[in-house]
K.L.:
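First, the structure itself, so that you have it in front of you.
By convention in this document, chain letters (A, B, ...) are assigned in the order of the sequence lines, proteins followed by strands, and residues within each chain are numbered from 1.
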Amino acid sequence: MITYLEAIREAQARALADDPRVYIYGQDVGAFGGAFKATKGLAKEYPGRVIDAPISEDAMIGSAIGAALEGMRPIIEVQFADFSTVGFNQVVNQAATLHWRTNIPCPITVRLPSGGTSGAGPFHSQSMEALYAHYPGLIVMTPATVEDAYSMLLEAVAIDDPVIFCEHKYLYYHLKADALPTEATPTGKARIARAGRDATIVTYSAMVHEAIACADELATEGWEIEVIDLRSVKPLDTDTVLASVARTGRLLAVGEAWPWGGVTAEIVARVATDGFGLLDVPPMRLNAKDTPVPFHPNLWGTHRPTARSIAAKLRDLLRL
Amino acid sequence: MITYLEAIREAQARALADDPRVYIYGQDVGAFGGAFKATKGLAKEYPGRVIDAPISEDAMIGSAIGAALEGMRPIIEVQFADFSTVGFNQVVNQAATLHWRTNIPCPITVRLPSGGTSGAGPFHSQSMEALYAHYPGLIVMTPATVEDAYSMLLEAVAIDDPVIFCEHKYLYYHLKADALPTEATPTGKARIARAGRDATIVTYSAMVHEAIACADELATEGWEIEVIDLRSVKPLDTDTVLASVARTGRLLAVGEAWPWGGVTAEIVARVATDGFGLLDVPPMRLNAKDTPVPFHPNLWGTHRPTARSIAAKLRDLLRL
Amino acid sequence: MLPAIAAPPQRLDQPDPLDHSFAQTYIRAYRWMLLARLTEEKLANLYRGGKVQGGVFLGKGQEAVSVAVGISLRRGDVFAPLIRDQAGRFAFGESILDCTRTYLGSRLGPMRGRDGNVHRGRPDEGMLPMISHLGAMIPVVAGTLLARKFRGQFGTVGATCIGDGGTSTGAFHEALNLAAVERLPLVVVVANNQYAYSTPNDRQFACRDLVDKAVGYGIEGHSVDGTSLADCLEVLGRAVDQARGGGGPQLVVASLLRLVGHGEHDDASYIDPALRNSSLGLDCLTLAEQHIVDSDWADGAALAAWKEDAQQQVEEAVATTTREPAPDPNEEDWCALASRHLRDGFVTE
Amino acid sequence: MLPAIAAPPQRLDQPDPLDHSFAQTYIRAYRWMLLARLTEEKLANLYRGGKVQGGVFLGKGQEAVSVAVGISLRRGDVFAPLIRDQAGRFAFGESILDCTRTYLGSRLGPMRGRDGNVHRGRPDEGMLPMISHLGAMIPVVAGTLLARKFRGQFGTVGATCIGDGGTSTGAFHEALNLAAVERLPLVVVVANNQYAYSTPNDRQFACRDLVDKAVGYGIEGHSVDGTSLADCLEVLGRAVDQARGGGGPQLVVASLLRLVGHGEHDDASYIDPALRNSSLGLDCLTLAEQHIVDSDWADGAALAAWKEDAQQQVEEAVATTTREPAPDPNEEDWCALASRHLRDGFVTE
Ligand SMILES: Cc1ncc(C[n+]2csc(CCOP(=O)(O)OP(=O)(O)O)c2C)c(N)n1
Ligand SMILES: Cc1ncc(C[n+]2csc(CCOP(=O)(O)OP(=O)(O)O)c2C)c(N)n1
Ligand SMILES: [Mg+2]
Ligand SMILES: [Mg+2]
């Protein structure tokens with residue numbers, strides 16, 4: 001059995017083994033193996049290529065861009081996604097514009113340990129995919145499975161553009177698979193995580209599992225719910241979403257991030273503009289509440305969508 | 001005649017005159033009067049209250065939060081909205097969370113000279129409203145008229161929450177009114193900028209004027225297009241939008257920002273979920289292209305929506 | 001008139017035994033340190049027992065410098081503590097219940113379950129609640145002082161603590177520079193505990209001594225032995241006085257070692273044994289106790305009584321807190337704005 | 001063997017008249033400065049005539065320090081110029097057409113109309129294209145050097161320029177610190193022209209001298225008279241050599257005054273006349289010309305010929321550029337990604 005976190009470690013090990021241009025840079029990623037142990041043992045296995053950075057997210061990411069210009073393939077670990085706000089400028093204004101301005105690629109991978117866990121509070125829980133997806137010039141990955149954590153991270157390193165890799169901390173230890181994948185779905189293709197015909201839930205990252213749990217529950221009542229795992233939110237696979245809605249006629253978009261804007265707005269807007277006729281009933285959205293992510297587990301459990309709140313929403317949708 | 005820019009200056013003069021808690025802090029805002037002259041003469045009129053800051057957006061905004069805790073009402077001028085990326089963390093993690101965490105308000109106003117002008121290029125043209133609107137705890141204003149530039153800025157200073165004030169640089173000199181307003185529409189209420197019955201354009205900031213020009217053009221062909229000026233994108237006045245779509249049955253959301261996410265996605269998603277039955281035909285969106293804002297005027301003119309590209313889109317919508 | 005010829009200034013770690021005010025301050029500081037140590041030991045136990053919400057980050061070994069900050073401040077001053085500042089918090093006036101309530105998830109805590117543990121504060125009482133982003137509190141403290149300067153209000157001080165690692169942040173730099181330009185009464189205390197999480201100083205900065213940064217901002221720099229309470233009281237007292245007197249920002253760098261893991265989940269196995277065994281690895285609390293005994297300021301019975309008293313405060317606070325209700329999501333209004341009428345009414349929950 | 005007893009080192013502004021290599025370097029530098037000055041004068045004229053796209057930010061008064069950076073670098077080094085570095089760009093190898101094509105909006109320019117003017121660069125030739133956010137280029141240059149260090153590639157240098165105002169950014173701090181920790185061969189040149197736009201130094205920083213920041217990073221600091229080409233060549237030469245030789249990052253602070261507005265829209269009326277009339281206000285180009293004459297390195301005829309040659313280059317470049325086509329939006333592919341197959345296919349235009 002291999003966890004989502006181990007898959008991330010293994011992908012990095014393989015990237016380091018296969019490609020001499022790869023190095024990993026981030027706070028405590030060296031001998032210590034990273035705050036989450038996503039680089040455990042790698043500094044020893046690949047001496048001089050897994051390096052502790054000072055607490056300087058702007059300079060960390062800026063330096064990765066420079067190294068990419070020299071032909072390297074840096075992987076930057078930000079200790080928590082939330083701290084990427086202080087490296088934000090280098091990502092959105094430097095990395096994201098470089099190729100468009102100069103025709104020279106900027107192949108950096110920025111790993112963002114993302115999303116909520118119990119007791120983590122407002123500054124160690126954020127889901128920032130929508131911020132990065134808004135900017136031109138970035139690829140934003142949001143793997144929901146052990147297999148994707150592995151193969152998408154390898155692909156992120158191989159892609160010639162800056163990739164924001166939103167790995168979900170809740171899945172780090174909770175999610176296990178039998179083995180690492182030998183094949184991979186290409187980036188930009190969504191996945192039907194569970195087939196169904198009565199309604200479509202479109203979601204990504206940790207919420208895929210809440211959606212599946214909800215679908216399992218509703219299955220006991222005879223409903224067949226399709227769950228689409230977007231895998232990457234930019235590019236966003238509109239075709240797979242539309243094809244599913246064409247089958248089910250009902251759409252619920254679910255995201256762990258805040259309600260204004262974000263992935264759920266983009267999905268619903270795309271389906272409404274390009275798949276209006278496919279919808280039998282109005283589409284729905286379910287997001288976190290519009291407050292910072294609360295610290296206390298009681299509040300946190302209510303703040304973000306869960307299998308239960310998804311099911312409640314879905315029942316409304318099916319009732320229409 | 002008073003310009004949009006002068007209205008901003010006048011609002012600040014009045015805020016300084018009326019409220020001793022107000023001060024203005026930003027690069028070159030003092031004796032020089034600001035890069036755009038939005039604080040012209042104010043340092044002299046209000047000695048010690050209009051102060052030059054070092055080139056330190058993070059510290060500028062952080063310091064405003066501290067001053068707000070002391071009961072002040074700081075206005076921070078960021079020289080160009082684009083540079084707010086380097087003060088981003090203080091806005092979204094400190095200012096936006098403070099009241100929710102502590103019950104103590106954080107009344108700061110951050111002025112962001114926003115949007116594209118000819119020849120300004122990728123780093124002096126950005127429209128960042130969607131980034132800020134995504135975060136809980138912020139008010140995001142996007143005035144489109146001289147009157148709103150004045151009255152909304154005064155309201156921004158009065159509001160007990162952090163306000164991101166997106167003033168559009170293209171309107172600074174282009175837009176003129178006869179006089180300053182004596183009454184104001186409250187924040188959170190959209191405005192019907194032009195009444196119509198055949199279709200609704202929902203937009204904000206500089207695009208309001210492109211939309212009106214487009215509506216004027218289509219009027220010559222007999223179409224009556226309603227244009228809604230959102231005024232603030234958070235809160236976003238869904239009711240006014242829905243009421244308009246109820247009348248017209250057709251929706252086009254227009255924004256100068258990039259296509260993924262943003263205000264147009266949020267508008268279309270809201271209407272699709274809550275006003276599905278009001279739509280006679282699928283809604284549409286029109287945004288800038290998904291690249292950095294180009295420098296050369298030829299490219300810039302094609303990158304962002306214009307009266308012409310809006311009209312083309314609208315003709316498609318009316319043809320359905 | 002000629003000034004009287006003064007005696008050479010006495011170093012505070014060799015104080016005049018008759019200087020009761022110094023002894024009293026020292027003892028008061030020691031007792032806050034002791035209370036902080038015992039509180040944190042209790043929290044560590046509760047954490048191991050699964051009773052604590054969120055993470056636990058402790059200040060063992062850093063109590064002397066922390067308490068010296070808190071004790072040098074007055075009512076009306078501003079303090080933004082960081083993660084290892086339980087002693088300073090107590091000295092500045094935080095109640096032990098504020099602490100236990102946050103860790104144990106009582107809804108009666110100052111953050112009402114919305115934020116946790118080291119993030120607690122009471123801005124209306126001058127204690128700012130930290131956000132996690134290192135360096136980010138410094139400009140906020142500077143801003144409180146800027147506001148006072150604008151109002152012509154002098155004589156108060158703002159202090160904040162940060163680690164060696166936090167000095168690498170852009171926020172640290174921008175805020176110190178801004179404070180220097182405005183000559184604000186800001187005291188920034190760097191607890192140089194030789195590591196930032198697992199990262200040793202030689203991977204964090206390359207200057208000979210962090211205090212060398214002061215000259216680059218044009219501000220006063222102070223070095224202090226963080227294991228010596230007397231040194232901490234003297235140097236912090238001086239730095240705070242200078243700031244209060246109009247001397248502008250003060251950078252204080254304390255040398256010490258953290259005697260626990262980064263958080264309670266961490267065994268700190270990366271810490272160099274040579275450092276542990278060096279004078280940096282001495283326990284400031286033990287040294288302070290020894291100093292009290294050596295100075296004959298208290299006997300064994302008094303020491304035992306103080307410990308007993310502190311332990312009792314801790315137990316009582318925990319017992320009280322344990323009986324308190326947890327936050328109830330149904331009673332939350334889930335509105336991030338102070339202006340409730342401006343909340344965006346559209347709901348996608 | 002004992003080292004030979006050396007003659008006392010000569011100051012370069014009193015060079016041995018027989019030192020042809022120095023004279024040649026000086027003259028080469030002077031001629032780049034001259035070309036830069038004339039190019040910029042032309043751009044200013046074109047701007048006033050409404051022929052330039054976007055803003056025009058000029059380096060008048062800063063040519064000496066800028067050219068000294070460019071001339072001290074070699075092929076294979078990295079250079080990230082800022083807004084006042086036309087002279088350094090030329091010396092580093094930029095063609096005058098790259099310049100005119102960007103300002104005049106030719107689609108044949110290196111940025112193809114996508115970005116403009118001071119933002120141009122050719123990263124594949126070691127010239128990085130600046131983004132506007134001040135300080136943001138420093139970590140990028142550091143990163144190119146970090147990559148070389150990882151690959152065991154030594155002997156090259158990265159240099160970048162910034163203003164007095166730019167030193168207040170968090171980016172400046174983080175990048176210098178990172179470079180110091182990694183001991184990268186980075187040369188950061190601060191052109192202290194006394195103002196950031198309208199903001200004078202005393203509203204920007206409070207240290208006695210910006211070079212005092214070096215010690216806080218544990219790096220070498222150098223001061224240089226930015227009005228003296230000889231001083232600039234000597235100090236920049238030394239700083240670049242030291243970086244190249246493994247001496248780690250170098251901070252060079254040049255004192256001077258900008259002799260034009262912040263941009264061509266600005267009349268710089270805020271500049272203190274006392275500064276203008278001080279030695280800081282001297283024109284480095286005039287001084288350099290004088291120095292050449294005084295040193296008998298060239299006569300009036302030669303000087304006139306150089307000027308003539310430079311003017312002709314400028315006119316030719318402008319004439320060529322003016323005949324070139326502007327970017328055509330219909331030929332743009334409007335894709336920000338290098339991996340075109342990964343573009344988000346959904347179109348809302
Ligand atoms: C901007 C930012 N980046 C990363 C982190 C994650 N982080 C939390 S504590 C820590 C180490 C802090 O070290 P130091 O400043 O020396 O303080 P110490 O823990 O030693 O007291 C890190 C990297 C953070 N809180 N903020
Ligand atoms: C982060 C950031 N904030 C603000 C600006 C706007 N800005 C452009 S140039 C300038 C002044 C720069 O002064 P200085 O660094 O001294 O360089 P100089 O113009 O004097 O050469 C400012 C504030 C910017 N480019 N980047
Ligand atoms: Mg530390
Ligand atoms: Mg300057």
Side-chain angles (χ1 to χ4, degrees), chain A residues 20-21 23 25 48-49 51-72 74 86 89-90 93-94 96-107 133 135-139 159-161 186-188 232 234-239 266 269-270 273-274, chain D residues 78 80 110-112 114-115 119-124 126 128-133 135-153 158 169-182 184 334-348:
Chain A
R21 300 171 303 174
Y23 71 93
Y25 192 54
R49 295 174 61 199
I51 294 130
D52 285 342
I55 306 180
S56 303
E57 283 76 7
D58 184 87
M60 278 161 51
I61 297 170
S63 75
I65 297 165
L69 282 173
E70 286 288 307
M72 304 294 276
V86 285
N89 183 54
Q90 289 290 350
N93 282 316
Q94 189 100 254
T97 67
L98 189 68
H99 174 261
W100 194 76
R101 299 196 304 137
T102 66
N103 239 2
I104 309 273
C106 183
Y135 275 89
L138 301 172
I139 306 280
I159 286 174
D160 271 345
D161 290 291
T187 295
S232 66
K234 192 169 187 182
L236 194 160
D237 182 359
T238 319
D239 291 345
E266 186 61 26
R270 288 187 183 198
T273 55
D274 283 25
Chain D
V78 173
M111 311 306 275
R112 299 158 295 156
R114 294 179 175 186
D115 204 346
H119 296 274
R120 69 192 183 278
R122 293 191 177 265
D124 44 351
L128 304 192
M130 60 171 273
I131 71 166
S132 296
H133 300 69
M137 298 313 294
I138 312 181
V140 180
V141 179
T144 64
L145 305 171
L146 198 62
R148 292 167 185 206
K149 180 180 163 182
F150 287 156
R151 290 196 301 240
Q153 191 182 326
T169 61
F172 172 88
H173 174 70
E174 292 194 359
L176 271 188
N177 182 61
L178 183 153
V181 168
E182 297 290 350
L184 301 175
W334 299 109
C335 176
L337 296 179
S339 335
R340 297 191 84 265
H341 66 287
L342 291 179
R343 75 195 295 180
D344 193 328
F346 190 79
V347 172
T348 64

K.L.:
Side chain from CB out, backbone as N, CA, C, O: work out which of these in D:Arg120 comes under 4.5 Å of a heavy atom of chain A, or both, or neither.
P.N.:
neither
K.L.:
Against chain A, label D:Ile138 side chain, backbone, both or neither, depending on which of its atoms sit under 4.5 Å from a heavy atom there.
P.N.:
neither
K.L.:
OG of A:Ser56 to CG of D:Leu176: how many Å apart, nearest 0.5 Å?
P.N.:
11.0 Å
K.L.:
Is the closest side-chain donor-acceptor distance between D:Ser339 and A:Asp160 under 3.5 Å?
P.N.:
no
K.L.:
Rounded to the nearest 0.5 Å, what's the gap from CZ on A:Arg49 to CZ on D:Phe150? Could you check?
P.N.:
10.0 Å
K.L.:
Look at D:Pro129, D:Pro110, D:Ala175 and state which one has the largest set of heavy-atom pairs under 4.5 Å with chain A.
P.N.:
D:Pro129
K.L.:
So which of D:Pro139, D:Ala171, D:Ala142 has the largest heavy-atom pair count under 4.5 angstrom toward chain A?
P.N.:
D:Pro139
K.L.:
Looking at D:Ala136, is its backbone amide N or carbonyl O close enough to the side chain of A:Gln94 to form a donor-acceptor pair, meaning the two atoms are under 3.5 Å apart?
P.N.:
yes
K.L.:
Sequence neighbours excluded, which residues qualify as side chain to side chain contact (heavy atoms under 4.5 Å, CB included) partners of A:Asn103?
P.N.:
A:His99, D:Arg112
K.L.:
So what's closer than 4.5 Å to chain D heavy atoms on A:Pro136: side chain, backbone, both or neither?
P.N.:
both
K.L.:
What residue, out of A:Ile61, A:Thr238, A:Thr102, A:Asp237, has the most heavy-atom pairs lying under 4.5 Å from chain D?
P.N.:
A:Thr102
K.L.:
If I compare all heavy atoms of D:Ala338 with all of A:Pro105, which pair ends up nearest, and what's the gap?
P.N.:
CB-CB, 4.1 Å
K.L.:
Side-chain donor-acceptor pairs under 3.5 Å in residues 62-69 of chain A, sequence neighbours left out?
P.N.:
from: A:Ser63; atom 1: OG; to: A:Ala59; atom 2: O; distance (Å): 3.2
from: A:Ser63; atom 1: OG; to: A:Met60; atom 2: O; distance (Å): 2.8

K.L.:
Measure A:Thr187 against the heavy atoms of chain D and call it side chain, backbone, both or neither at under 4.5 Å.
P.N.:
both
K.L.:
Of the listed residues (A:Leu138, A:Asp274, A:Ile159), which shares the most heavy-atom pairs with chain D below a 4.5 Å separation?
P.N.:
A:Asp274
K.L.:
With a 4.5 angstrom heavy-atom cut-off, which part of A:Thr273 approaches chain D: side chain, backbone, both or neither?
P.N.:
side chain
K.L.:
With a 4.5 angstrom heavy-atom cut-off, is it the side chain or the backbone of A:Ile104 that approaches chain D, or both, or neither?
P.N.:
side chain
K.L.:
Could you look at A:Ile51 and say if it's the side chain, the backbone, both or neither that has a heavy atom under 4.5 Å from chain D?
P.N.:
side chain
K.L.:
If you measure from OG1 on A:Thr97 to CD1 on D:Ile131, what distance do you get to the nearest 0.5 Å?
P.N.:
6.5 Å
K.L.:
Please test A:Arg101 against D:Asp115 for salt bridge (charged side-chain N to carboxylate O under 4.0 Å, His left out), starting from the C-alpha separation and ending with a verdict.
P.N.:
CA-CA 6 Å; A:Arg101 299 196 304 137; D:Asp115 204 346; 2.6 Å; yes
K.L.:
Quick one: which of D:Gly345, D:Ala80, D:Cys335 has the most heavy-atom pairs under 4.5 Å with chain A, could you say?
P.N.:
D:Cys335
K.L.:
Flag the one option from A:Gly71, A:Pro235, A:Pro74 with the top tally of heavy-atom pairs under 4.5 Å to chain D.
P.N.:
A:Pro235
K.L.:
Give, as side chain, backbone, both or neither, the part of D:Arg151 having an atom under 4.5 angstrom from any heavy atom of chain A.
P.N.:
side chain
K.L.:
Please lay out, stage by stage, how D:Leu178 and A:Tyr25 fare under the test side-chain contact (heavy atoms from CB on, under 4.5 Å).
P.N.:
CA-CA 12 Å; D:Leu178 183 153; A:Tyr25 192 54; 3.1 Å; yes
K.L.:
With a 4.5 angstrom heavy-atom cut-off, which part of D:His119 approaches chain A: side chain, backbone, both or neither?
P.N.:
both
K.L.:
Restricting to non-hydrogen atoms, name the atom on D:Glu174 and the atom on A:Ile55 that form the minimum distance, rounded to 0.1 Å.
P.N.:
OE2-O, 4.4 Å
K.L.:
Please walk me through it: do D:Leu342 and A:Asp161 pass side-chain contact (heavy atoms from CB on, under 4.5 Å)?
P.N.:
CA-CA 9 Å; D:Leu342 291 179; A:Asp161 290 291; 5.5 Å; no
K.L.:
Compare all side-chain heavy atoms of D:His133 with those of A:Gln90 and state whether any distance is below 4.5 angstrom.
P.N.:
no
K.L.:
Give, for atom CG of D:Asp344 and atom CD of A:Glu266, the distance between the pair rounded to the nearest 0.5 Å.
P.N.:
7.0 Å
K.L.:
What distance separates A:Asp239 CG from D:Phe346 CZ, expressed to the nearest 0.5 Å?
P.N.:
10.5 Å
K.L.:
Under a 4.5 Å heavy-atom cutoff, which of D:His173, D:Met137, D:Arg343 has the most pairs with chain A?
P.N.:
D:Met137
K.L.:
So, does D:Arg114 use its side chain to make a donor-acceptor pair with the main chain of A:Trp100 at under 3.5 Å?
P.N.:
yes
